[in-house]
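Written below as structure tokens is the structure these notes are about.
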Amino acid sequence: MIKRRIIDSFWNILTYLFSSVGIIVLLLIFIFVFSNGASTLSWKLITSDYNQTTYVLSYKDNYDGGNFEYKCKDDEYFSSYWGIAFTDTVNTEGVDSVIISYIDDHSPLLNGLLGVGNDNYHHLQVNQYVTTALLVGEEGNIISCPARKGAESMAAGFNRGVSIMTLNLVDGGGGIRGSLIATLYLILFTLILVLPLGIAAAIYLSIYAKDNWLTHLLKSLIDMSSGVPSIIFGLVGLLLFVPMFNALVGSEGYSILAGALTMTIMLLPIVISTTKEAIDVIPKKIISGSLALGASQTQTTFKIILPNAVPGILTSTLLAIGRIIGESAAIIFVMGTQVQDHVLPNRGGTTLATHIYNLMGLENPNYKLASAIAIVILMSVLILNILVKLIGYRLNKFGRKH
Amino acid sequence: MEKIFEIKNVNLYYGEKHALKDINLDIYKKKVTAFIGPSGCGKSTLLRCLDRMNDLIDNCKVEGSIKYNDKELNQYDTLTLRSNVGMVFQSPNPFPMSIFDNIAYGPRCHGIKNRKALEEIVISSLKKAALYDEVKDNLKGSALALSGGQQQRLCIARCIAMKPDVILMDEPTSALDPIATLKIEELINELKKDFTIVIVTHNMQQATRVSDYTAFFMLGEIIEYNTTNELFKNPHNKKTEDYITGRFG
Ligand SMILES: Nc1ncnc2c1ncn2[C@@H]1O[C@H](COP(=O)(O)OP(=O)(O)OP(=O)(O)O)[C@@H](O)[C@H]1O
Ligand SMILES: [Mg+2]
């Protein structure tokens, strides 16, 4: 007896030990991701393009100077002559840069800068990066202010210049808008394909299919294919779907459509089995009840079976969305790793997950941005999972009674 | 007396299992016929033959002839047949929808869309099933919220809504308490004015209370078939006598 107890408590302690190690590791990952990404995560990050826009501008007329006033914050440097403040910062690619942090409402720079070569007036904005500026002093001397010398020397240089030969600006960049849209496209197209196919297959298997070896084979194939590593599906997509869409819709190489088809094949087993489970818990006597009233099998399917399978279908939809958001291997194979700002279904692009892959493959990996995206992914998956649980509790009419 | 079903030399197999053996039986119009017999003797099986619900069972094979209104059952389209021959199941099986929709389900499936017409059908069916007074203020409420007895009467109302000729009932009160059972029995006595009723029951008293004819089954065969009065008062077969006096099964 005592020996038995010792063995039992030994296994208990071991179980607790291992599970607490698992939880601690998970916690550490969360802490790492949040501490690295939280500061980078912003609405601007979500809404701006990945590729930067660069401008070369000038202010040719001699400006006789204003006497602007501004109370600088700690790290700001203000040019009272031009009414503009600069701050040292690190851009999304991790390079030291100077950013415009304030422009006076009456500053000549606000609307007076002309594009070099196109003579369009440019509306200067806060948060644009200055890469370099060349100003002309009172005596015709040239004052050079590169960003690497910092915000302080930039402000000082501006105070000494009376006109601006060239001002090189960089706007935005490093944002995830394109990847977010590509992710949404991928989810949309995949669901359009996988839901009808999966639901139809589930209905066929639970209701119409005869109980024979072929059906059994089909069912076990479906069960098995949910265990196939996603990279295999990626290979299939690359060898089959990418060329197929090249021929079909004239895509050149990678495409979101090929991605959607690949994800469809990958998710079909999940959608089929979740929907099938939901159909199988509908009591047989209700289905017989409908048929005994002289309703056809089709009417029974649409009026009794499908409405009652809705919770299962919703659950499988949410699970599928979660898998699409989290998938990377298969996506890289069929959609490439090139981040796009103009997302088109017949072109490649990155989802949020493969955007991270792209960032970490750069010369100097951008941990902060990667972590910020990871937060977005983790949050969406968390919300999806909570929704799945809620649906399970709220809508399931039969599940727990049987 | 007018026959509505004429069953001749019916044999039924579930795969290898010979479940009904050489059944011959006439069922009379606007009468209540009871099937009694020990468990597993084929009462439900024969009942399911009458609205061809056995068609839904994969390995079930029926031989012989069953005529409904002088026409072979196989020549009817199942959807028409089942709207003429309704079925009430052993345990109540309301659909997970409102009371109104439950009863309107059958008529809707057969193409009645007019809201007024449906309303009339629902109300008259509920009245015939003696349920109207209990649910009239709550037709939009879920059918699953009703008590077991109310649910069973709802299922009878659902059946009546199809305006059938025949109502088949497979142990309709076996899941109900004595009071709910009594209500259903009263209802059956009321309904036999308009419908032919075939009822499977394990309850001898119930058979005597509600039925005009009784068939006694054993091991897939009909041992005795007679008016209920005669069969219970004066059984011709020893096995019947043993069964109804409780010395068997
Ligand atoms: N779907 C089926 N597949 C195979 N065998 C079946 C099936 N349904 C019934 N049987 C068999 O046929 C025989 C008759 O069954 P049935 O359900 O008609 O009996 P019953 O008289 O209604 O019994 P009970 O009073 O218990 O309801 C039983 O032996 C049963 O095992
Ligand atoms: Mg039975």
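Labels below follow one simple rule: chain letters A, B, ... track the order of the sequence lines, proteins then strands, and each chain is numbered from 1.
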Can you name the closest pair of heavy atoms from [X] and [Y] and give their distance?
{"X": "S288(A)", "Y": "M53(B)", "result": "O-CE, 3.5 Å"}
{"X": "G289(A)", "Y": "R158(B)", "result": "CA-NH2, 4.2 Å"}
{"X": "C109(B)", "Y": "Q299(A)", "result": "O-NE2, 2.7 Å"}
{"X": "K210(A)", "Y": "D58(B)", "result": "CE-OD1, 3.8 Å"}
{"X": "Y105(B)", "Y": "T300(A)", "result": "OH-CA, 3.8 Å"}

Starting at [atom1] of [X], measure out to [atom2] of [Y] and round the result to the nearest 0.5 Å.
{"X": "F95(B)", "Y": "N308(A)", "atom1": "CZ", "atom2": "CG", "answer": "10.0 Å"}
{"X": "F89(B)", "Y": "I286(A)", "atom1": "CZ", "atom2": "CD1", "answer": "11.0 Å"}
{"X": "Q297(A)", "Y": "L56(B)", "atom1": "CD", "atom2": "CG", "answer": "7.5 Å"}

Validation: residues 184-194 of chain B side-chain donor-acceptor distances under 3.5 Å, sequence neighbours left out:
{"residue": "E185(B)", "atom": "OE1", "partner": "R209(B)", "partner atom": "NE", "Å": "2.5"}
{"residue": "E185(B)", "atom": "OE1", "partner": "R209(B)", "partner atom": "NH2", "Å": "3.2"}
{"residue": "E185(B)", "atom": "OE2", "partner": "Q206(B)", "partner atom": "NE2", "Å": "2.8"}
{"residue": "E185(B)", "atom": "OE2", "partner": "R209(B)", "partner atom": "NH2", "Å": "2.9"}
{"residue": "E190(B)", "atom": "OE2", "partner": "K193(B)", "partner atom": "NZ", "Å": "2.7"}
{"residue": "K192(B)", "atom": "NZ", "partner": "D212(B)", "partner atom": "OD1", "Å": "3.4"}

Of the backbone (N, CA, C, O) and the side chain (C-beta and beyond), which part of [X] lies under 4.5 Å from a heavy atom of chain A, both, or neither?
{"X": "T80(B)", "value": "neither"}
{"X": "P94(B)", "value": "backbone"}
{"X": "V85(B)", "value": "backbone"}
{"X": "P107(B)", "value": "neither"}

Subject >> side chain to side chain contact (heavy atoms under 4.5 Å, CB included) between L293(A) and H110(B), worked out >> reply: CA-CA 10 Å; L293(A) 283 170; H110(B) 286 82; 5.9 Å; no
Subject >> Heavy-atom neighbours of F302(A) CZ exceed 12 at 6.0 Å >> reply: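 Open.
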**OP:** Using a cut-off of 6.0 Å, state whether more than 12 heavy atoms not belonging to Y16(A) lie near its atom OH.
**Re:**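 No.
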Original post:
For R108(B) and K303(A), what are the C-alpha separation, side-chain angles and deciding distance, and is it a side chain to side chain contact (heavy atoms under 4.5 Å, CB included)?
Top reply: CA-CA 11 Å; R108(B) 275 182 180 141; K303(A) 293 183 167 204; 3.8 Å; yes
